[in-house]
Structure formats: structure tokens, C-alpha cells
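Quick notes on the structure that follows.
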Amino acid sequence: MNNNAGLMQVVWAFPLIVTMLFWQSESCRKNPQANANAKSQSANVERSDAVLKGIWGGQHVSMEVTADGATIEYDCAHGAINEPLVVDRNGKFDVKGTFEIERPGPQRAGQASEARPARYSGTIDGKKMTLNVTLTDKNESAGTFTLSHGVMPQIVKCL
């Protein structure tokens, strides 16, 4: 008799479980906006990636990307990004850093740094980067550069 009672409970519970599962799947189908938002958020997470580490080179510019940021060398200047360089789902990035003009000849010991605040923004498409450098203290452009991952830079340092 105990086996029959247990069997009867399973028989009665089964339709209830099926109904609950059906109701849950229906609520997801009836709210496509929630599903779209969830897919969009997961796409952002999946597509938001760190920039390829290593050397990015181009005409008059070199960028070495690490997990913590990047160092940038120009013909007569250098800069730094002190935060991870990450692209969004569209391949765009926008980070803060510094930019410092170099003078010809050796630096004097104890000479104060003349680093200026800068914004490094641009896009990455595969192994190609477009880099826009803006000096934020006076909203001046320091240039737009095209770089490629793994390519040797073409820099001529100030003499």
C-alpha cells in the first residue's frame, strides 16, 4: 500500500511540474525585450576584450600594450596609459594617460617632468588600430596614428 501511495504522489506531481516549466518558458517568450537586453548584455561582456598585448607599430609611433596599460613612443615624445586598454563591442576604446614632449639631447638629472594629461581613443579592427591622441588640458590634438599589431615601428628620435 505504501508503494501505491508514493506512485500516486508522483502521478499527481508530474502535471504540476510540467505546467510550471511550460509557464516559465512562456514568460520568456512573452517578454522579448528582456531576452534582447540579456543577449545584448552578454554580447557586451563577450565582445569587451583587452587589446592584444605586445608591440603595435606604425609611422612615427610605437605602443607596447601590457595587462596594466601601455607605453607609447613617438619621434619626439612619449606617453603612458596606466589602466587596462579594453575595447567595447564595436572595437572602440577611450582611456586616460599622459603625454610628454621630449627635447633633443640628454635629460638633466632632477629635471621636472612636463607630462600633460592626455586621452587616448580610437578603434581596433583585428590587428589594425587607429589611435587619436588629445591633450586634455588645452583640448589639443597630438595626432592620429595608424598602428598594426606585431609590426616594427618607424620612429626617428629627436637628436
Rounded to the nearest 0.5 Å, the NZ atom of K138 sits from the OG1 atom of T136 at a distance of 12.0 Å
Can you tell me which residue pairs pass the salt bridge (charged side-chain N to carboxylate O under 4.0 Å, His left out) test with a partner in residues 56-84, sequence neighbours excluded?
E73-K157
Plane angle bin for H149 and W56 - parallel if under 30°, tilted between 30 and 60°, otherwise perpendicular
perpendicular
Pairing residues for K128 by the side-chain hydrogen bond (donor to acceptor under 3.5 Å, both in side chains) criterion, not counting sequence neighbours
none
Looking only at heavy atoms, which two atoms of I81 and Y120 are closest? And how far apart?
CG1-CD1, 3.6 Å
Test item: V95 and R119 side chains (from C-beta on) under 4.5 Å apart, heavy atoms:
no
Give, for atom CG of L85 and atom CZ of F93, the distance between the pair rounded to the nearest 0.5 Å.
5.5 Å
Taking every heavy atom of Y74 against every heavy atom of G79, the minimum-distance pair comes out as CE1-N, 4.2 Å
For side chain to side chain contact (heavy atoms under 4.5 Å, CB included), just list the numbers for I155 and V61, CA-CA rounded to whole Å, side-chain angles, deciding distance to a tenth of an Å, and then say yes or no.
CA-CA 6 Å; I155 296 176; V61 65; 5.7 Å; no
Going through the distances and angles, do T144 and L131 end up as a side chain to side chain contact (heavy atoms under 4.5 Å, CB included)?
CA-CA 6 Å; T144 299; L131 175 67; over 6 Å; no
For a quick test of reading the model, state the closest non-hydrogen atom pair linking V51 to V86 and the distance between them.
CG2-N, 4.4 Å
Provide the closest heavy-atom pair for G122 versus N132 in the form atom of the first, atom of the second, distance.
CA-ND2, 4.0 Å
Is I55 reachable from M129 through a run of hydrophobic residues whose side-chain heavy atoms are each under 4.5 Å from the next?
no
How close do L52 and G126 get, counting heavy atoms only, and between which atoms?
CD1-O, 4.5 Å
Examine distances only and state if a side-chain atom of Q154 and a backbone atom of H60 form a donor-acceptor pair shorter than 3.5 Å.
no
Check G143 against S141 and note the closest heavy-atom contact, atom names and distance.
N-OG, 3.1 Å
ILVMFWY network linking V151 to I72, side-chain heavy atoms under 4.5 angstrom:
no
Would you say the side chains of E102 and H78 form a donor-acceptor pair under 3.5 Å?
yes
In Å, rounded to the nearest 0.5 Å, how long is the span from OG1 of T123 to CG of N90?
10.0 Å
Neighbour count >12 (heavy atoms, 6.0 Å) for atom CG, D125:
no
